Amino acid sequence: MASAITTTAKGTAGLERTPITVAYGDGIGPEIMAATFRVLEAAGASLAIEEIEIGEGVYRSGVSAGIELASWDSLRRTKVFLKAPITTPQGSGFKSLNVTVRKALGLYANVRPCVAYAPYLDTKHPAMDVVIVRENEEDLYAGIEHRQTDEVVQCLKLISRPGCEKIIRYAFEYARANGRKKVTCFTKDNIMKMTDGLFHAVFDEIAADYPDLVNEHWIVDIGAAKLADTPEAFDVIVMPNLYGDMLSDVAAQIAGSVGLAGSANVGEECAMFEAIHGSAPPLAGQDLANPSGLLLAAVMMLVHIGQPDVATRVHNAWLRTIEDGVHTFDVFEEGVSTKQVGTSAFADAVIARIGESPERLTPVSYAGTGALVLPKPAFRPRATKAMIGVDVFLDWKAGTPDDLAAVLGGVDGNGLTLSMITNRGIKVWPDGFGETFCTDHWRCRFAGEGGQSVSHSQIVGLLSGVQAAGLDFIKMESLCTFDGVPGFSLGQGQ
Ligand code: NAD
């Protein structure tokens, strides 16, 4: 589907056209994209559009990620992707297109403004205006999972220092660039002291560079409860991937605007912009769907590509349309709304208000803003690493923890001595409780004598001994110190 905004070298506002890649998607995608482009063009956006096909048709043609190889060329050339929702076919064998694009293009920051538009759109939290900044690449989403024993599966939670630094710095820079006052961090570092602990520690380090912004940290469970109860207490919230995935939907829903929210996925080189809703197949082809989510995503795109004045015009005209009560069916409310319109008429209403600003809702101004350019991270010397032991994980179902300790006691440890056995993280030897439920998945910790460092060949020797004792080792994790600080969790006692 070709767009009208491709014909001349310069747009109506006289700006050089910015190349972008566009996908019209599935279901309601083509209608809301067409409506969005009509508004952008009327507001003077200067875009040179490269269209690619993604989604259901591509999946069904046998491409498991829903995107053709040739489409990557366009994305890597333009580095800007405006994407309509797609329909993901049911069944295994179809990979998430969003996850593929985010990871392949390094889109580490997911930015989702969640705003209430009271009294024009129904909401429980009229003063809510929160931006969720979610880390997009790491955490449990690495997709590294294994069934290790008959009874136990595991998923690796990977958090890196550079990953934390990028997303947290992005959150502070975003807050500063957008006139925000506070950045909050949610983690569960009271339990995951190393992974979430790193995220929290980096947050505290980077916060010190932004004395003009208030910073705070909440444990994610109470933070989430507070967000759902009093979202007006928050401004920008930065989170690891999993919490951000869940809480960005909660935040959009309680703002009352899940159908209206747009989001940006931003990386060092590329960015993708989309509505947060799906392809709504039952609404497709009926000129009913609300195009606002995609339109507000396009506003974020315009800021990113350096057309902030166009972004301001579009956003203010949209706010004025909402304020005037011209609403699509999903947000229409008798007594509040003045006119129910379809997709195309809603776009007409926004176009008719270009140049106007809202009178009661707060107008926006993106003047002087653009894509965030993050400062280069300071050089950090690598820590001095020393290996002082090993955790050997076993698949074993032949008795009690004391029985296992007795078997391991007969193994030649090559200078390494058994110091602890845990089961699902609970210490069961020495001095375990008979009441502790045990699976077939055991962590057996071996330490070098007197805290001395140990060699890889010692560990290989230990594993050979474990094998010779007829035990099934399923993995090992070396225990290291970094500049003398232990880089592993200590066993939980009862
Ligand atoms: P959905 O967001 O498509 O629909 C949920 C509800 O919201 C439905 O009642 C729908 O009618 C309504 N709705 C959604 N967008 C609307 C709009 N613009 N205007 C008015 N009402 C709207 O979610 P779903 O039904 O769970 O998923 C449908 C398909 O979309 C699935 O194939 C799913 O995989 C896909 N999906 C895609 C994306 C994406 O491309 N980013 C995101 C979510 C879901």
Side-chain angles (χ1 to χ4, degrees), residues 21-37 39 52-60 64-67 71 75 81-103 105 107 110-112 114 117 121-122 134 136 141 244-246 248-250 252-265 271-298 300-301 318 321-322 326-333 337 340-347 349-350:
T21 302
V22 171
Y24 280 75
D26 301 314
I28 59 173
E31 299 157 61
I32 59 174
M33 188 64 87
T36 296
F37 274 134
V39 175
I52 60 168
E53 204 194 322
I54 56 165
E56 200 173 12
V58 182
Y59 279 117
R60 298 232 181 266
S64 66
I67 176 165
S71 300
L75 290 172
F81 187 19
L82 182 63
K83 172 183 165 289
I86 59 160
T87 303
T88 313
Q90 295 291 317
S92 58
F94 300 113
K95 284 197 272 183
S96 162
L97 175 79
N98 269 16
V99 173
T100 304
V101 173
R102 282 175 192 160
K103 286 193 175 174
L105 299 181
L107 309 182
N110 182 268
V111 184
R112 190 182 288 188
C114 301
Y117 303 102
L121 300 179
D122 192 30
R134 162 189 168 194
N136 231 356
Y141 289 64
D245 190 3
M246 296 171 178
S248 56
D249 270 16
V250 171
Q253 179 72 26
I254 64 173
S257 61
V258 78
L260 305 183
S263 82
N265 292 275
M272 173 172 79
F273 302 86
E274 62 178 342
I276 70 169
H277 59 71
S279 58
L283 300 178
Q286 299 173 62
D287 192 35
L288 284 172
N290 190 342
S292 299
L294 189 59
L295 187 64
L296 292 180
M300 296 168 90
M301 178 193 76
W318 179 84
T321 309
I322 295 298
V326 182
H327 295 162
T328 43
F329 82 97
D330 53 314
V331 292
F332 184 86
E333 202 182 343
S337 309
Q340 184 170 329
V341 291
T343 313
S344 170
F346 183 82
V350 178

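Read the numbers this way: they start at 1 and go in the same order the structure lists the ligands and their atoms. Note that the structure is a prediction, hence the values are computed from the model and not measured. Every heavy atom of this structure was used, including side-chain atoms; hydrogens, water molecules and symmetry mates were not.
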Trainee: For Glu31, check salt bridge (charged side-chain N to carboxylate O under 4.0 Å, His left out) against everything at least two apart and list the hits.
Mentor: none
Trainee: Per the side-chain hydrogen bond (donor to acceptor under 3.5 Å, both in side chains) rule, what does the pair list look like for residues 276-289, sequence neighbours excluded?
Mentor: Thr87-Ser279
Trainee: Check each protein residue for a heavy atom under 4.0 Å from ligand 1 and list those that pass, ordered by chain and number.
Mentor: Ile28, Lys83, Pro85, Ile86, Thr87, Thr88, Asn98, Glu274, His277, Gly278, Ser279, Ala280, Pro281, Leu283, Ala289, Asn290, Phe329, Asp330
Trainee: Closest heavy-atom contact between Val22 and Met33?
Mentor: CG1-CE, 3.7 Å
Trainee: Are side-chain N/O atoms of Ser96 and Asn98 paired as donor and acceptor at under 3.5 Å?
Mentor: no
Trainee: Go through the structure and list residues passing salt bridge (charged side-chain N to carboxylate O under 4.0 Å, His left out) with Asp122, not counting sequence neighbours.
Mentor: none
Trainee: Tell me the closest heavy-atom pair linking Pro291 and Ile32, and the distance in Å.
Mentor: CA-CG2, 3.7 Å
